[in-house]
Amino acid sequence: MNQPEETLDPQDWTKLREVGHRMLDDMLDYLRSVRERPVWKPLPEQLDQEFDKPLPVAPEGIEQAYEDFMQHVLPYPLGNIHPRFWSWVCGTGTPGGMLAEMLAAGMNSGVHGAAQSAVKVEQQVLSWCKEIMGFPANASGILVTGGSMANLVGLTVARNAKAGIEVNQYGLKSVTKPLALYCSAQTHNSVHKAIGLLGLGRDSLREIPVNDRFEIDIAALEATIAQDRHDGFRPICVIGNAGTVNTGAVDDLNAIADICARENMWFHVDGAFGALISLSPKLRPLISGMERADSIAFDFHKWMYTQYDAGCALIRSEKAHHDSFRVPSSYLSHFERGVASGDAWFGEYGVELSRSFRALRIWMSIKEHGIDKYRRLIEQNVAQARHLAELIDSNAELELMAPAPLNIVCFRYRPLGFTEEELDGLNKEILFQIQERGIAAPSSTVLNGKFAIRVAICNHRSRFEDFDVLAREVCRIGRELASNDAFDQVREIWSAAD
Ligand SMILES: *Cc1c(COP(=O)(O)O)cnc(C)c1O
């Protein structure tokens with residue numbers, strides 16, 4: 001034995017401690033000064049060379065690795081921790097959440113088995129969620145990576161509970177009637193993805209048209225279900241939206257709950273961000289009916305501002321949930337004593353077996369701030385969305401493109417005398433410039449065929465004045481571009497791109 005035994009622990013803990021403290025100080029400074037930096041900047045081309053370097057065979061050491069991080073990684077983030085980042089539906093994270101993340105990483109609990117504190121923490125977080133969402137205490141749930149996975153979990157249980165056969169055992173080849181599911185045409189693509197993954201075929205998901213508030217047309221939903229029954233399908237599930245991704249529209253969840261009860265269908269709610277307005281007695285009536293769902297999917301990393309990634313699936317029936325994911329195996333036996341004791345094995349309630357201790361940052365954040373702080377922040381974001389919508393409404397150059405009932409505002413710059421096509425090109429260019437100049441980071445969508453600048457506010461750092469900046473800068477850049485010469489160039493760029 002002349003090879004020394006090896007480990008990945010440091011030889012010099014004192015030196016590691018120094019580096020570790022430096023990292024902590026650097027990151028706290030970084031968070032504290034976030035408002036002073038541009039929201040986003042384009043990645044320089046030289047960066048590719050850095051990331052083309054060969055696989056390191058010999059050690060470079062943690063200090064060098066950290067140096068590389070500081071130079072090549074930290075300066076080019078997505079930008080979602082910034083107060084003027086409003087793209088897609090991204091949360092900001094918190095300094096306390098960063099520290100909790102470090103603690104969880106230190107423990108590095110694989111959340112296997114049940115005889116460990118991490119499981120207790122997750123169960124308590126789930127209990128709090130049930131309370132917040134108005135679900136019974138004996139309901140089931142699991143923390144997952146995000147809304148996409150939570151939709152997949154909820155829809156898996158829906159399929160298995162309502163298919164009329166043991167789908168896990170016999171597969172969809174054995175269903176007697178083809179299954180059909182229903183959602184509005186504004187539903188998030190993770191639902192379509194889940195339906196595909198579940199082997200149901202994306203064409204079994206009926207996209208029901210929406211009204212002018214972008215909410216599901218209930219009469220069309222009922223008519224489609226009736227037609228499907230007549231045509232020999234088995235309608236099994238309606239997916240309701242508590243906050244659509246495009247505009248924050250909320251479907252009539254009570255009407256959907258009534259239909260599902262009458263038709264013996266599963267009622268799933270995609271509440272990725274909107275479910276959390278349950279925290280606000282003032283806003284909660286907007287999502288009334290969600291508490292009647294069979295399953296709810298939502299995220300902590302959006303409107304609870306926690307570090308990525310953290311979502312949650314709540315399932316009313318513990319049995320249906322467990323039946324969907326439990327596969328008894330000798331190597332995962334439960335015992336009455338020892339490491340494998342206890343009953344709440346989360347691997348039996350979701351897709352993943354090995355899971356991170358993501359519950360800790362949620363648990364610690366709620367303890368740190370108290371749940372009422374989150375209520376106030378959510379109400380603040382909704383008030384900010386109203387403020388922006390009012391700015392837009394009162395400005396003749398800007399046009400609000402959809403009602404803004406929650407925290408999402410869609411609008412465009414609209415000078416007179418431009419065709420729809422030109423307005424699309426003009427607003428795209430405004431969006432790019434706002435982002436590339438580091439001013440703010442809204443994203444975009446298309447509503448009724450028209451390009452819209454889209455602002456989604458899941459940001460505890462945004463201030464009302466940040467929205468004044470956005471409205472002002474959109475108009476300033478818009479005016480700059482719409483002045484004849486400049487816009488001719490834009491027109492050329494856009495016609496060349498087509
Ligand atoms: C973000 C979002 C999802 C997907 O959630 P992820 O956490 O990104 O996986 C699903 N539905 C809606 C309405 C969303 O906004």
Side-chain angles (χ1 to χ4, degrees), residues 38-42 79 84-89 184-186 209-215 217 244-249 383-457 462 464-498:
V39 178
W40 178 83
K41 58 184 174 197
R84 284 191 301 277
F85 187 96
W86 306 301
S87 278
W88 309 302
V89 191
S184 90
Q186 289 289 314
V210 291
N211 61 25
D212 55 6
R213 294 184 307 277
F214 297 93
E215 304 159 0
D217 177 338
T244 58
V245 64
N246 268 336
T247 67
Q384 288 165 336
R386 298 230 163 110
H387 172 68
L388 178 60
E390 280 160 19
L391 283 177
I392 292 162
D393 259 344
S394 63
N395 185 327
E397 289 172 289
L398 299 175
E399 180 188 15
L400 195 61
M401 311 267 304
L406 298 182
N407 57 338
I408 299 182
V409 182
C410 294
F411 71 106
R412 64 179 174 176
Y413 181 70
R414 194 185 182 187
L416 295 175
F418 281 65
T419 66
E420 283 299 332
E421 225 179 356
E422 287 170 342
L423 286 173
D424 286 358
L426 176 62
N427 279 280
K428 252 181 228 169
E429 185 60 29
I430 293 172
L431 179 69
F432 292 156
Q433 294 208 14
I434 289 269
Q435 294 177 348
E436 286 167 354
R437 296 186 196 184
I439 298 166
S443 61
S444 69
T445 191
V446 175
L447 297 173
N448 298 322
K450 298 169 189 169
F451 184 88
I453 298 174
R454 177 180 163 284
V455 172
I457 315 164
S462 299
F464 281 81
E465 69 199 34
D466 289 314
F467 301 95
D468 300 340
V469 170
L470 176 70
R472 193 176 66 227
E473 291 296 299
V474 164
C475 289
R476 192 177 61 78
I477 294 171
R479 255 176 249 136
E480 223 169 85
L481 288 167
S483 72
N484 287 338
D485 294 355
F487 191 68
D488 283 344
Q489 287 168 13
V490 174
R491 220 185 307 240
E492 267 165 40
I493 294 167
W494 285 103
S495 53
D498 286 344

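If you're wondering where the values come from, they're calculated on a predicted model, not measured in any experiment. For the numbers below, each heavy atom of this structure counts, side chains included, while hydrogens, waters and symmetry mates do not.
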Ring geometry between Trp86 and Phe467 (parallel below 30°, tilted from 30 to 60°, perpendicular above 60°):
parallel
In short, Ile408 meets Ala385 closest at the heavy-atom pair N-CB, 4.5 Å
Evaluate Arg454 against Phe411 for side chain to side chain contact (heavy atoms under 4.5 Å, CB included), listing each step before the verdict.
CA-CA 7 Å; Arg454 177 180 163 284; Phe411 71 106; over 6 Å; no
With rounding to the nearest 0.5 Å, note down the distance linking CG in Leu388 to CZ in Arg386.
12.5 Å
If the condition is side-chain hydrogen bond (donor to acceptor under 3.5 Å, both in side chains), which residues does Arg437 pass it with, not counting sequence neighbours?
Gln433, Glu480
What distance do Ile477 atom CD1 and Arg472 atom CZ have between them, rounded to the nearest 0.5 Å?
11.0 Å
Beyond-backbone contact of Glu473 with Ile430, side-chain heavy atoms, under 4.5 angstrom
no
Correct closest heavy-atom pair for Ala482 and Phe418 would be CB-CZ, 3.8 Å
Any donor-acceptor pair under 3.5 Å from Gln384 side chain to Ser462 backbone
yes
Roughly how far, to the nearest 0.5 Å, is the CE atom of Met401 from the CZ atom of Phe214?
8.0 Å
Measuring only between side-chain heavy atoms, which start at C-beta, is Leu426 closer than 4.5 Å to Pro415?
yes
Salt bridge (charged side-chain N to carboxylate O under 4.0 Å, His left out): pairs with one or both residues in residues 397-409, sequence neighbours excluded:
Glu397-Arg479, Glu399-Arg412, Glu399-Arg414
Ala452 backbone acceptor or donor facing Asn427 side chain under 3.5 Å
no
Any sub-3.5 Å donor-acceptor pair from Asn211's side-chain atoms to Asp217's backbone N or O?
no
Report yes or no: does Ser184 contribute a side-chain atom to a donor-acceptor pair with the main-chain N or O of Glu215 at less than 3.5 Å?
no
Distance (rounded to the nearest 0.5 Å) between Phe464 CZ and Asp466 CG:
10.5 Å
Over all heavy atoms of both residues, which pair between Ala441 and Val39 is shortest? Give the atoms and the distance, please.
CB-CG1, 3.6 Å
So NZ of Lys450 and CG of Leu423: to nearest 0.5 Å the spacing works out to 9.0 Å
Looking at OG of Ser444 and CG of Asp424, how far apart are the two atoms once the value is rounded to the nearest 0.5 Å?
10.5 Å
Paired with Val409, the side chain to side chain contact (heavy atoms under 4.5 Å, CB included) test is passed by just one of Thr247, Ile453, Leu400, Leu470, namely Leu400
